[in-house]
Colleague: 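Below is a structure I'd like to ask you about.
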Amino acid sequence: MPLSDSPAHYGAVTRAIHWLTALLILLAWPLGLYAHALAEEIPHLTGAEQAARVTLTATLFSVHKTMGVAVVLVSVLRLLWAWVQPRPGLVNGDHKAEALAAETVHYLLYALLIAVPVTGWIHHAATAGFAPILWPFGQSLPFVPQSETVAALFTTLHWALAWALAVVLVLHIAGALKHHVIDRDATLRRMLRGAAVEGSAAQPGHALPAGAALVLLLAVAGAGIALRPSAPEAAGSTPAPALQQAEGGDWQVTEGALSLAVTQFGNVVEGQFADWTAEIEWDEDAAPGVAGHVTVTVSIPSLTLGSVTSQALGGDFLAAEEYPTAIFDADLVKLEDGGQRAEGTLALRGETAPLAFPFNLAIDGDTATASADFTLDRRDFGVGAGMTDESSVAFAVSGGFELTAIRD
């Protein structure tokens, strides 16, 4: 059994790559659809049922993504191999219209086998979220920023091109069956068992079908972007000011950020609350001890947390609909060594637990800047109660803030 191709037949290498690619695509495509359908149901589940669904969905998405990367690698190998091999001509290349259509489908298929998984890969690299690719080389891509805008664009392209790939695959399979059942020629036997049959003397050439495939590919991508529905104003997705002014206190926050980070399936997912207020009292001349007070009110639905925002706001996690507000109420303490510490409680999701952490403070005239990092345990607030181990979501949740305030 020859490994190389000839003008009359496909060798064992080409046929192995062809059928491996077909297997990967036929597994990855429905797997992605099924995982997406499962993910849509997660926010409506609670407890152990939600925990099990999250784990299953993440596993399926990980396998789907890994298969996509494998398709890219195998397709690149196929193109490199084809570059150095003679290509058997079409057995009915003298049927001009049919031959042109067949070659156009072939070029579309080659392009989509690269474009579909690459757009999905870029979406994965651009967004924070779960379901890592199952390989040891990291999850990011060079020149792909962590950006929800980039992620949204490429998930749209991924979906549009994936459906185009499904159509092209149907045409490709239908053409092969037509050759085998109706025309009774050797087209399919060439790829099944390497039958050697010379192509017809006339062939459609490459320029026209390649150009037609490029136009169709661009049309699909453009239509996908143009027909993409506008994102609804959902919790965590609506642009909002960085913060709102709070009434009371002798310092008014003018700018700042309140961040959150969770670890899911070993990956850190970072997000922010867009809507929060801080009522601050602070006596810079006070002796060591309690020198002020702060009350921070956070709008839970304003959270954005990468691709897991809706899951985080769901009933088994932050339960944003039932508990839309979190309040941190604390004394601000001057320490003997010149540092500062906030000591108070956090009320979240109907539970209240102690929360204390040091913070950095610098005052220049009537302007103050402050920052801090802190860690809390999600179990103290019943967040993700159905996830009783850290294999899916870690118990520790990191938070932090940076703000600038002026004296009132």
Side-chain angles (χ1 to χ4, degrees), residues 32-33 35-36 39-40 42-43 57-58 61-62 64-65 68-69 72 111-112 114-133 138-165 217-244 255-265 267-276 298-314 318 320 398-402:
L33 285 178
H36 186 269
E40 291 289 311
I42 288 175
T57 303
F61 267 127
S62 287
H64 169 75
K65 293 174 183 181
V69 173
V72 173
L112 288 167
I114 299 291
V116 172
V118 165
T119 52
W121 198 353
I122 293 174
H123 166 258
H124 170 84
T127 189
F130 69 168
I133 299 171
Q139 307 296 310
S140 61
L141 283 173
F143 312 112
V144 177
Q146 286 269 316
S147 165
E148 289 303 311
T149 300
V150 172
L153 171 63
F154 279 91
T155 193
T156 297
L157 289 173
H158 182 64
W159 274 97
L161 295 175
W163 282 106
L165 176 59
L217 190 67
L218 294 175
V220 169
I225 294 173
L227 298 176
R228 176 178 57 179
S230 299
E233 293 189 359
S237 63
T238 306
L243 52 90
Q244 304 291 332
E255 59 180 320
L258 180 59
S259 62
L260 183 72
V262 300
T263 301
Q264 189 170 40
F265 297 98
N267 296 312
V268 176
V269 186
E270 298 180 341
Q272 283 194 346
F273 292 96
D275 186 0
W276 55 278
V298 182
S299 172
I300 297 299
S302 73
L303 173 68
T304 54
L305 194 62
S307 62
V308 297
T309 299
S310 60
Q311 177 187 334
L313 297 175
L318 293 175
S398 301
F401 70 84
E402 295 180 354

Colleague: What's the spacing between His36 NE2 and Trp159 CH2 if we round to 0.5 Å?
Modeller: 5.0 Å

Colleague: With rounding to the nearest 0.5 Å, note down the distance linking CD1 in Ile122 to OG1 in Thr127.
Modeller: 13.5 Å

Colleague: Nearest 0.5 Å, what's the CH2-CZ distance between Trp121 and Phe154?
Modeller: 13.5 Å

Colleague: Can a side-chain donor-acceptor contact be found between Glu148 and Thr304 if the only test is distance below 3.5 angstrom?
Modeller: no

Colleague: Say you draw a straight line from CG of Leu141 to CZ of Phe143; how long is it, rounded to the nearest 0.5 Å?
Modeller: 11.0 Å

Colleague: If we only count heavy atoms from C-beta on, is the Ile300 to Phe273 side-chain gap below 4.5 Å?
Modeller: yes

Colleague: Quick one: are Gln311 and Gln264 in side-chain contact, heavy atoms under 4.5 Å?
Modeller: yes

Colleague: Would the distance check show the side chain of Gln146 and the main-chain N or O of Ala125 forming a donor-acceptor pair, the cut-off being under 3.5 Å?
Modeller: yes

Colleague: Using side-chain heavy atoms (C-beta onward) and a distance below 4.5 Å, is Val72 in contact with Val69?
Modeller: no

Colleague: Tell me the closest heavy-atom pair linking Ala35 and Thr57, and the distance in Å.
Modeller: O-CG2, 3.5 Å

Colleague: Counting N and O atoms only, with roles assigned by atom type, does the side chain of Ser299 sit under 3.5 Å from a partner on the main chain of Trp276, one being a donor and the other an acceptor?
Modeller: no

Colleague: Between Leu153 and Thr149, is any pair of side-chain heavy atoms under 4.5 Å apart?
Modeller: no

Colleague: Under 3.5 Å, is there a donor-acceptor pair between the side chain of Ser62 and the main chain of Pro132?
Modeller: yes

Colleague: What are the two closest non-hydrogen atoms of Leu161 and Ala115, and how far apart are they?
Modeller: CD1-CB, 3.9 Å

Colleague: Quick check on Glu402: does its CD atom have over 12 non-hydrogen neighbours (other residues, nucleotides or ligands) under 6.0 Å away?
Modeller: no

Colleague: Tell me if a side-chain donor or acceptor on His158 pairs with a main-chain N or O of Thr119 at a distance below 3.5 Å.
Modeller: no

Colleague: Do you know the tightest heavy-atom contact between Ala58 and Ala131?
Modeller: O-CB, 3.6 Å

Colleague: Can you check whether Ile133 reaches His124 side chain to side chain, under 4.5 Å on heavy atoms?
Modeller: yes

Colleague: At their closest point, which heavy atom of Leu112 faces which heavy atom of Leu217, and how far apart are they?
Modeller: CD2-CD1, 3.4 Å

Colleague: Kindly indicate whether the side chain of Val262, heavy atoms from C-beta on, has any atom under 4.5 Å from the side chain of Val268.
Modeller: no

Colleague: Roughly how far apart are Leu303 CG and Asp275 CG, rounded to 0.5 Å?
Modeller: 12.0 Å

Colleague: When rounded to the nearest 0.5 angstrom, what is the spacing between OG1 in Thr156 and CG in Leu227?
Modeller: 10.5 Å

Colleague: Give the minimum heavy-atom separation between Gly224 and Ala160, together with the two atoms involved.
Modeller: CA-CB, 3.8 Å

